[in-house]
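A short write-up of the structure that comes next.
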Amino acid sequence: MLPVVTAAGMAAADRAAIDRLHIGEIRLMELAGLRTADRIRELLDKEDLQGTPVLVVAGKGNNGGDGLVVARHLLNRGAEVDLLLLYPDEALSPVNRNGIEILHALRDLYGMPLRLFRETAEALPFVMERQYDALVDAVLGTGLKIDEPLQPVSGPAGEGIDLLNSVRRRTGSPLIALDIPSGLDATSGFAAHPAVVADTTLTMAFLKTGFFFNEGPRLSGELQTAEISIPEFLLERRTCRLTDREYAAGQFMLREPSEAKHQNGKVLIIAGSHSPESSMLGAALLSVKAALRTGAGYVCAALPIAGAGVLHAFAPEAVVVAREMDAILEKALWADAVLIGCGLGRKPETVAFIRELLRKPEITGRKLVLDADALFALQESDFRESGIDFSNALLTPHYGEFSRLSGIAAERIASDPLGIAADFAGRNCVNLLLKGRPTVLAGQEGDLLLNDSGTEALATAGSGDVLAGMITAIAAKGADILDAGAAAAWFHGRAGDLADEVSSLVSAGGILDAIPAAIHEIFDIEE
């Protein structure tokens with residue numbers, strides 16, 4: 001799985017490469033520029049860049065220095081480069097001033113096709129009339145900190161960003177952001193105003209967390225990573241990782257030919273409610289069917305016995321027991337994993353029943369998934385004062401539910417979901433799956449995972465119930481509870497992709513039906 005770092009994590013890795021491995025700043029800059037020039041040639045699908053017009057807009061920091069190296073390598077490959085320098089030489093570091101001297105020499109001594117503009121006003125009459133094959137954003141790097149969305153970027157940097165966006169709109173030319181789209185916070189994904197809208201972001205060494213949150217996905221375009229000789233072993237041990245196909249497959253246990261049903265994951269699901277006024281049996285049905293579709297060998301549902309007929313019609317493979325404590329505890333001792341919460345309701349007696357369940361070692365001694373109304377029954381103080389053992393549990397809140405559990409405003413969580421989720425899980429000795437795009441998973445031992453599979457197809461009622469059933473099945477079949485959550489989130493996202501060609505038409509039932517296709521695909525099983 002690829003590492004995903006914050007701005008601080010990337011800065012620390014940079015410093016370690018320079019201080020401990022003695023990789024000089026110039027070497028890093030040279031590699032960044034070379035990789036970007038190579039990628040531009042690949043994007044344009046050209047053997048060489050002879051006569052190819054490219055616009056590079058460079059700031060004054062290291063990102064701008066990378067842009068100067070890009071311009072040089074493009075010239076060496078035959079491109080015709082227009083370079084806009086947003087700041088005067090006296091504002092630049094010695095390394096960047098040297099980069100400009102090299103470009104002057106290439107143009108003045110060897111006739112390289114370079115037009116160099118010293119401010120935006122000077123460049124405008126020329127660049128707004130020319131058709132470019134590629135645009136390169138080297139204005140601002142990962143050091144930009146955005147304290148609140150739409151924080152203004154003024155001065156030369158803002159002018160350069162506006163220019164790049166306007167040329168992109170006019171020409172349709174692909175815009176390549178060097179390391180990060182200028183104006184995007186590399187950690188939070190908050191965006192300044194203006195901010196570059198990139199078609200491709202070629203990020204240096206490691207993916208940045210800001211690509212995945214808030215405005216990051218919209219501004220970053222296609223993400224690619226450039227290897228610039230900063231090895232992964234320089235990162236902190238608990239660096240966040242991006243889940244992928246191989247990871248998800250590794251957590252999913254296929255059945256062995258000789259095994260019986262009780263050896264392939266026994267699941268107990270405590271879900272659903274029904275009264276003369278309302279019914280939430282649908283949530284129970286979806287979670288039960290999802291567990292079965294995800295390969296659980298045996299699924300038992302504890303729900304209002306009046307709903308048994310409906311469940312048997314929807315999922316005849318499942319067993320039903322009455323919503324009574326003794327029956328539930330007997331089945332909990334039998335089960336490998338337990339799910340509590342989907343559609344249970346929020347009546348006072350239901351809340352009391354859930355809280356009583358969570359004090360039973362028969363329940364907390366199993367791998368435990370707490371979703372929806374089970375989370376409503378919990379209070380912030382439960383994690384510190386109640387004595388409930390959450391060490392085997394995975395909580396699956398969305399941002400609103402997590403705000404209630406943690407006492408932190410949802411807006412504050414959105415500014416640092418990885419950090420806040422990790423802190424909550426560590427302090428409270430619990431595992432956490434924070435639903436959203438992306439999904440954040442934080443383990444009580446410090447493990448941090450990010451899942452970016454899926455689209456807006458998952459934003460539909462009942463989708464969370466399907467995910468909860470999938471998690472419980474994968475955990476019951478042998479995966480650790482955090483790994484089960486992360487793998488299920490990956491499969492869930494992929495099932496949403498496969499459910500319908502039009503994401504906005506996908507329903508929870510469609511996701512449910514597409515689970516086998518997602519599993520077939522990952523294991524190359526023919527349907």
Side-chain angles (χ1 to χ4, degrees), residues 32-59 63-87 99-100 102-104 106-107 110-141 153 156-184 194-203 218-224 226:
L34 178 61
R35 296 285 187 261
T36 303
D38 287 341
R39 183 56 190 141
I40 290 172
R41 184 186 59 78
E42 293 169 4
L43 281 171
L44 299 179
D45 195 23
K46 293 185 176 184
E47 288 298 322
D48 61 60
L49 296 175
Q50 196 67 40
T52 300
V54 179
L55 172 65
V56 179
V57 181
N63 195 250
D66 293 346
L68 300 179
V69 178
V70 171
R72 170 160 51 85
H73 284 293
L74 292 174
L75 288 169
N76 290 339
R77 287 163 169 76
E80 298 176 359
V81 177
D82 283 355
L83 172 62
L84 170 56
L85 297 171
L86 294 171
Y87 294 88
I100 295 171
I102 296 171
L103 291 170
H104 275 298
L106 289 172
R107 182 190 65 181
Y110 297 97
M112 292 286 197
L114 170 68
R115 292 196 300 186
L116 199 155
F117 305 105
R118 287 292 180 165
E119 58 182 31
T120 305
E122 179 189 353
L124 273 173
F126 298 93
V127 302
M128 295 309 288
E129 293 182 357
R130 191 172 192 186
Q131 179 69 38
Y132 295 98
D133 285 7
L135 314 171
V136 178
D137 162 31
V139 180
L140 298 170
V153 174
E159 293 172 1
I161 292 170
D162 274 334
L163 178 67
L164 281 165
N165 285 337
S166 63
V167 174
R168 176 180 179 268
R169 286 192 298 268
R170 177 180 65 83
T171 65
S173 303
L175 199 165
I176 298 96
L178 216 167
D179 204 13
I180 190 168
S182 293
L184 181 67
V196 161
V197 182
D199 297 290
T200 298
T201 296
L202 186 65
T203 196
R218 181 179 70 85
L219 298 180
S220 301
E222 179 188 1
L223 293 173
Q224 298 193 5

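The shown structure was predicted, so the numbers you read here are calculated from the model rather than taken from an experiment.
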Pairing residues for Thr203 by the side chain to side chain donor-acceptor pair (under 3.5 Å) criterion, not counting sequence neighbours: Asp179, Lys208
Sort and list the pairs that fulfil salt bridge (Lys or Arg N to Asp or Glu O under 4.0 Å) and have at least one residue in residues 160-173, not counting sequence neighbours. Arg168-Asp199
Gap between atom CG of Leu124 and atom OG of Ser166 - 0.5 Å precision: 7.0 Å
Show the atom names and distances, to 0.1 Å, of all donor-acceptor pairs under 3.5 Å that link a side chain in residues 63-76 to residues at least two apart or in another chain.
{"unit_1": "Asn63", "atom_1": "OD1", "unit_2": "Val139", "atom_2": "N", "d": "3.3"}
{"unit_1": "Asn63", "atom_1": "ND2", "unit_2": "Leu178", "atom_2": "O", "d": "2.8"}
{"unit_1": "Arg72", "atom_1": "NH1", "unit_2": "Glu30", "atom_2": "OE2", "d": "3.3"}
{"unit_1": "Arg72", "atom_1": "NH2", "unit_2": "Glu30", "atom_2": "OE1", "d": "2.7"}
{"unit_1": "Arg72", "atom_1": "NH2", "unit_2": "Glu30", "atom_2": "OE2", "d": "3.4"}
{"unit_1": "His73", "atom_1": "NE2", "unit_2": "Glu30", "atom_2": "OE2", "d": "2.7"}
{"unit_1": "Asn76", "atom_1": "ND2", "unit_2": "Arg72", "atom_2": "O", "d": "3.4"}

Pro174 side chain near Leu43 side chain, heavy-atom distance below 4.5 Å: no
Those residues that, when tested against Glu42, pass salt bridge (Lys or Arg N to Asp or Glu O under 4.0 Å) (two or more places apart): Arg39
With sequence neighbours left out, write down each residue that passes salt bridge (Lys or Arg N to Asp or Glu O under 4.0 Å) with Glu80, or none if nothing qualifies. Arg130
To the closest 0.5 Å, what do you measure between CG (Leu84) and CZ (Arg118)? 10.5 Å
Closest contact, heavy atoms only, Ser220 versus Leu184: OG-CD2, 3.8 Å
For Thr52, check side chain to side chain donor-acceptor pair (under 3.5 Å) against everything at least two apart and list the hits. Lys46
For Arg218, give me all partners under side-chain contact (heavy atoms from CB on, under 4.5 Å), at least two apart in sequence or on another chain. Val197, Glu215
To the nearest 0.5 Å, how far apart are CZ in Phe117 and CG in Leu55? 8.5 Å
Please determine whether side chain to side chain contact (heavy atoms under 4.5 Å, CB included) holds for the pair Leu140 and Ile161, giving the CA-CA distance in whole Å, both sets of side-chain angles, and the decisive distance to 0.1 Å. CA-CA 9 Å; Leu140 298 170; Ile161 292 170; 4.2 Å; yes
For the atom pair CG (Leu114) and CG (Leu83), what is the distance rounded to the nearest 0.5 Å? 6.0 Å
With sequence neighbours excluded, residues passing salt bridge (Lys or Arg N to Asp or Glu O under 4.0 Å) with Arg77: Asp38
To the nearest 0.5 Å, what is the distance between CG (Asp137) and OG1 (Thr201)? 8.0 Å
Among all residues two or more places apart in sequence or in another chain, which pass the side-chain contact (heavy atoms from CB on, under 4.5 Å) test with Ser173? Gln131, Tyr132, Leu135, Thr171
Once rounded to the nearest 0.5 Å, what's the spacing between atom CD of Glu159 and atom OG1 of Thr120? 4.5 Å
Tyr87: which residues meet the ring pair (Phe, Tyr, Trp, His ring centres under 6.0 Å) condition with it, sequence neighbours left out? none
